[in-house]
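Worksheet: the structure to be examined is printed underneath.
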Amino acid sequence: MAANNYPPCPDPSLTLGLPKHFNINLITILLQEQVNGLQVLKDEQWLAVEPVPNAFVVSIGHMLQIISSGNLSSADHRVVTDSKVSRTSVGCFINTSSTCRIEPAKALIKDSSPLYRAFIYKDFASTYIQGTLDGVAPLDLYKLQP
C-alpha cells in the first residue's frame, strides 16, 4: 500500500507527480481524492481519469496481462500536479510472492499459443526495473511471439 501526496505546483508543466509507467503487479486498487491528476494513455493521448466520489479505480498490472495471455492489458499511466490544490491518493497493490511462477493460464490459451513464457516473479521484477531504466519494454523480454 502506498499513500502519495502531490503538493500544488504553480506551473504543472514543469513537473509530474509520477512519470509515465505501467504497474508490475496483478491489480492496483486506487482511492483518488476529488482532484484530477491520474491520466491514462489512449491512442497516443493522455486522458484524465475523473475522480468519482466514494469509488475506487481498479487497474490491471503486467502480471494479470501475462496470466491472461494478453486478453487483458495493463494501462500506461501517469500522475500530473495541479496548480492550486494538493492531491493525495492511496494505492493498494495486489501482488504475488517473489518465488511465484507466472505464466499464461492454460484455460485461457487452450485454443491458441501463449504470448508469454513462464518465469519466476522476482526475475521479472529485476528485469522490469532495469528494462524501464534502459527504455526497454519489460514485457518484450518475455514474449514468445514477435
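In this text the structure is predicted, and so the values were computed from the model without any measurement. Values below: every heavy atom of this structure, side chains too, minus hydrogens, waters and symmetry copies.
In this structure, Asn23 CG and Ile94 CD1 are separated by 11.5 Å, a value rounded to the nearest 0.5 Å. Rounding to the nearest 0.5 Å places CG of Leu72 at 13.5 Å from NE2 of His62. For the atom pair Ser89 OG and Gln32 CD, the distance stands at 7.5 Å (nearest 0.5 Å). Here the straight-line distance linking atom CG of Leu31 with atom CZ of Phe56 works out to 5.5 Å at 0.5 Å rounding. Separation of atoms OH (Tyr128) and CG (Asn25) is listed at 8.5 Å; rounding is to 0.5 Å. Note that CZ of Phe22 is 11.5 Å distant from OG of Ser59, once rounded to the nearest 0.5 Å.
In plain terms, the two heavy atoms of Gly17 and Thr81 that are nearest each other are N-CG2, 3.9 Å. Here the closest non-hydrogen pair linking Ile29 and Val58 is CG1-CG2, 4.5 Å. In plain terms, the two heavy atoms of Met63 and Ile24 that are nearest each other are CG-O, 3.2 Å. The two residues Pro12 and Cys9 make their nearest non-hydrogen contact at CD-O, 3.3 Å. Taking both residues in full, the closest heavy atoms of Pro114 and Ser69 are given as CA-OG, 3.6 Å, listed atom of the first, atom of the second, then distance. Taking every heavy atom of both residues into account, Leu108 and Ser68 meet most closely at CD1-CA, 3.6 Å.
Remark: Lys122 engages no residue in a salt bridge (charged side-chain N to carboxylate O under 4.0 Å, His left out) (not counting sequence neighbours).
Looking only at side-chain heavy atoms (C-beta outward), Val80 and Tyr6 stay at 4.5 Å or farther from each other. Val40 places a side-chain heavy atom less than 4.5 Å from the side chain of His77. Taking the side chain as every heavy atom from C-beta outward, Ser86 and Pro8 approach each other to under 4.5 Å. Two residues are said to be in side-chain contact when any heavy atoms from C-beta on lie closer than 4.5 Å; Phe124 and Ile102 fail this criterion. Within the 4.5 Å cutoff, no side-chain heavy atoms of Asp82 are placed close to those of Arg87. In this structure, Leu115 and Leu139 have side chains that are not in contact, with every pair of non-hydrogen atoms separated by 4.5 Å or more. Arg78 is not listed as a side-chain neighbour of Pro19, based on a closest heavy-atom distance of 4.5 Å or more. Counting only heavy atoms from C-beta outward, the side chains of Tyr142 and Thr127 approach each other to under 4.5 Å.
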- Item | Candidate pair Val57 and Leu38, rule side-chain contact (heavy atoms from CB on, under 4.5 Å), full reasoning | CA-CA 10 Å; Val57 175; Leu38 178 62; 4.2 Å; yes
- Task: For side-chain contact (heavy atoms from CB on, under 4.5 Å), just list the numbers for Arg117 and Glu103, CA-CA rounded to whole Å, side-chain angles, deciding distance to a tenth of an Å, and then say yes or no.
- Result: CA-CA 6 Å; Arg117 65 179 172 87; Glu103 63 186 337; over 6 Å; no
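Tracing side-chain contacts under 4.5 Å through hydrophobic residues (I, L, V, M, F, W, Y), one never reaches Val35 starting from Leu47; they form parts of separate clusters. With hydrophobic clusters built from ILVMFWY side chains whose heavy atoms lie under 4.5 angstrom apart, Leu64 shares a cluster with Leu141. Tracing side-chain contacts under 4.5 Å through hydrophobic residues (I, L, V, M, F, W, Y), one never reaches Ile109 starting from Ile67; they form parts of separate clusters.
Residues near Leu14 contribute nothing to a hydrophobic cluster around it, because no ILVMFWY side-chain heavy atom sits closer than 4.5 Å to its side chain. Grouping Ile, Leu, Val, Met, Phe, Trp and Tyr residues whose side-chain heavy atoms lie under 4.5 Å apart, directly or via other members, leaves Phe93 alone, with no other cluster members.
Remark: Gln34 CD is packed, more than 12 non-hydrogen atoms of other residues, nucleotides or ligands lying under 6.0 Å away.
Looking only at distances, a side-chain donor or acceptor of Glu33 sits under 3.5 Å from a matching main-chain atom of Thr88.
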